[in-house]
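Below is one structure, written out as structure tokens; the observations come after it.
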Amino acid sequence: MATTNSELWHSRALQSIPGGVSSPVRAFHSVGGTPRYFERGLGSKVWDIDGQEYVDLVGSWGPMIAGHAHPHVVERVAYAVSQSSSFGAPGKGEVLLAEEIRSRVPACEMVRFVSSGTEAVMTAVRLARAATDRNLIVKFAGCYHGHSDALLVQAGSGIATLGLPNSPGVTPGASQDTIVLTYNDREQLAQLFAARGHEIAAVLTEATPANMGVVPPQDDFNRFIADTTKKFGALMILDEVMTGFRISRGGWWGAYGENEGWTPDLFTFGKVIGGGFPLAALGGSARVMELLAPSGAVYQAGTLSGNPVATAAGLATLELCDDSMYERLDGRALELGNGISAALNEAGIAHSYQSAGNLFSFFFLDGYVRNFDDAKPQNSVQFAAFFHSLLEQGVSVPPSAFEAWFVSGALTDADIEKVLVAARVAAKKASQ
Ligand SMILES: Cc1ncc(COP(=O)(O)O)c(C=O)c1O
């Protein structure tokens with residue numbers, strides 16, 4: 001029997017939508033219970049359809065960097081939609097957004113807009129294969145790059161073996177040109193390139209993995225990828241869908257790569273650049289990007305690509321993302337990360353608090369996590385207890401121990417205090 005409005009609506013959703021959700025992690029399967037149905041957000045807070053208020057540390061999985069319903073974004077979006085939601089023709093908004101991206105990430109000489117991160121990466125992979133006239137793509141276990149067939153792949157039994165589908169419906173043909181390696185393992189990458197380097201079109205990596213929890217690159221791993229790909233004439237695709245314009249003005253690459261002296265051939269962006277609307281992009285050197293149709297022969301298209309409302313929201317959001325925003329995000333992430341880690345320590349809960357810029361997460365295990373195998377043995381029962389206690393106390397965090405937490409620039413001192421008080425209670429509960 002449903003007792004809350006969320007439960008009532010979820011039981012209805014289950015009749016009409018597979019699993020009741022439009023994207024699997026929302027279903028709470030890894031923590032149990034019923035997902036909350038949200039109907040309003042303002043600044044750092046969201047409200048569910050039962051009227052309960054939460055401090056939001058999910059932020060729509062990244063896009064709501066400036067907080068919910070920010071007046072600047074609302075005003076621009078309202079104006080854009082009043083002029084029509086779509087023309088299916090070129091518009092000023094996409095030019096302005098492309099220029100903004102180029103100014104923040106100079107290595108992105110050209111940008112193509114799409115509607116989701118999945119599409120951005122899928123297109124980057126096609127482009128890399130066309131640019132190199134090679135088939136093989138290398139990715140790392142635990143990195144997520146959207147749900148295109150070639151990337152829904154798990155590791156084969158040895159490094160030189162080809163990937164296996166990790167979803168029914170993905171054919172061996174679609175996965176056989178993808179090789180899955182262990183993240184942060186230079187030796188494996190070097191061995192693979194020594195054996196098959198001239199067959200590899202691209203190495204695809206998250207700028208810092210944050211889809212298995214936060215696992216920063218160690219020992220200049222990104223630079224090693226850039227150097228290795230260059231040496232063998234392969235491309236490096238840096239997936240900044242999560243980190244782009246969140247970690248710094250220029251994303252992860254702007255904060256690290258540019259100073260460390262490595263540059264990927266292609267970037268993918270999403271989340272923040274759409275300000276909560278379906279918008280993503282790929283970018284890179286003009287030489288490679290101009291292979292895309294209609295300048296070149298690599299086909300890619302989209303009815304709603306570069307949509308005027310989405311580009312208005314993205315541009316308005318980026319306008320809010322100045323140096324002071326990044327300082328604020330970094331500060332809030334540190335306060336929360338250190339405070340929550342202290343609460344877990346006080347309760348005697350083994351965990352690894354890991355961060356990369358203002359992204360952070362807590363692995364419920366002993367020891368430091370360098371790759372997906374390290375991350376797997378988490379105590380997910382303990383995480384579930386921690387999660388539900390936080391939720392009951394009005395703190396919404398990602399419903400899985402394998403996800404990054406997202407801060408917004410709208411978080412207040414009172415929000416931080418509320419989260420840290422709740423974390424102490426939740427940690428005690430989880431330890432019992
Ligand atoms: C690094 C990364 N790449 C690609 C994607 C796919 O983006 P989308 O969900 O917009 O298709 C995601 C989504 O979380 C992501 O985190």
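Counting starts at 1 for both ligands and their atoms, in listed order. Every heavy atom of this structure was used, including side-chain atoms; hydrogens, water molecules and symmetry mates were not.
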**Prompt:** Can the positive tip of R223 be found less than 6.0 Å from the middle of the six-membered ring of W262, inside 45° of the ring normal?
**Reply:** no
**Asked** Is any NZ, NE, NH1 or NH2 atom of the basic residue among D227 and K230 found under 4.0 Å from an Asp or Glu carboxylate oxygen of the other?
**Response** no
**Asked** For ligand 1, what are the residues with a heavy-atom contact below 4.0 Å?
**Response** S116, G117, T118, Y144, H145, G146, E206, N211, D239, V241, M242, K271
**Request:** Give a yes or no on whether the ring-centroid distance for F383 and F362 is below 6.0 angstrom.
**Result:** no
**From CA spacing to verdict: side-chain contact (heavy atoms from CB on, under 4.5 Å), F277, T311** = CA-CA 8 Å; F277 283 77; T311 49; over 6 Å; no
**Asked** With no hydrogens and no angle check, is any side-chain donor or acceptor of S389 less than 3.5 Å from a backbone partner on F386?
**Response** no
**Message:** Between W405 and F360 (judged by ring centroids, cut-off 6.0 Å), do the two rings come close enough to count as a pair?
**Reply:** yes
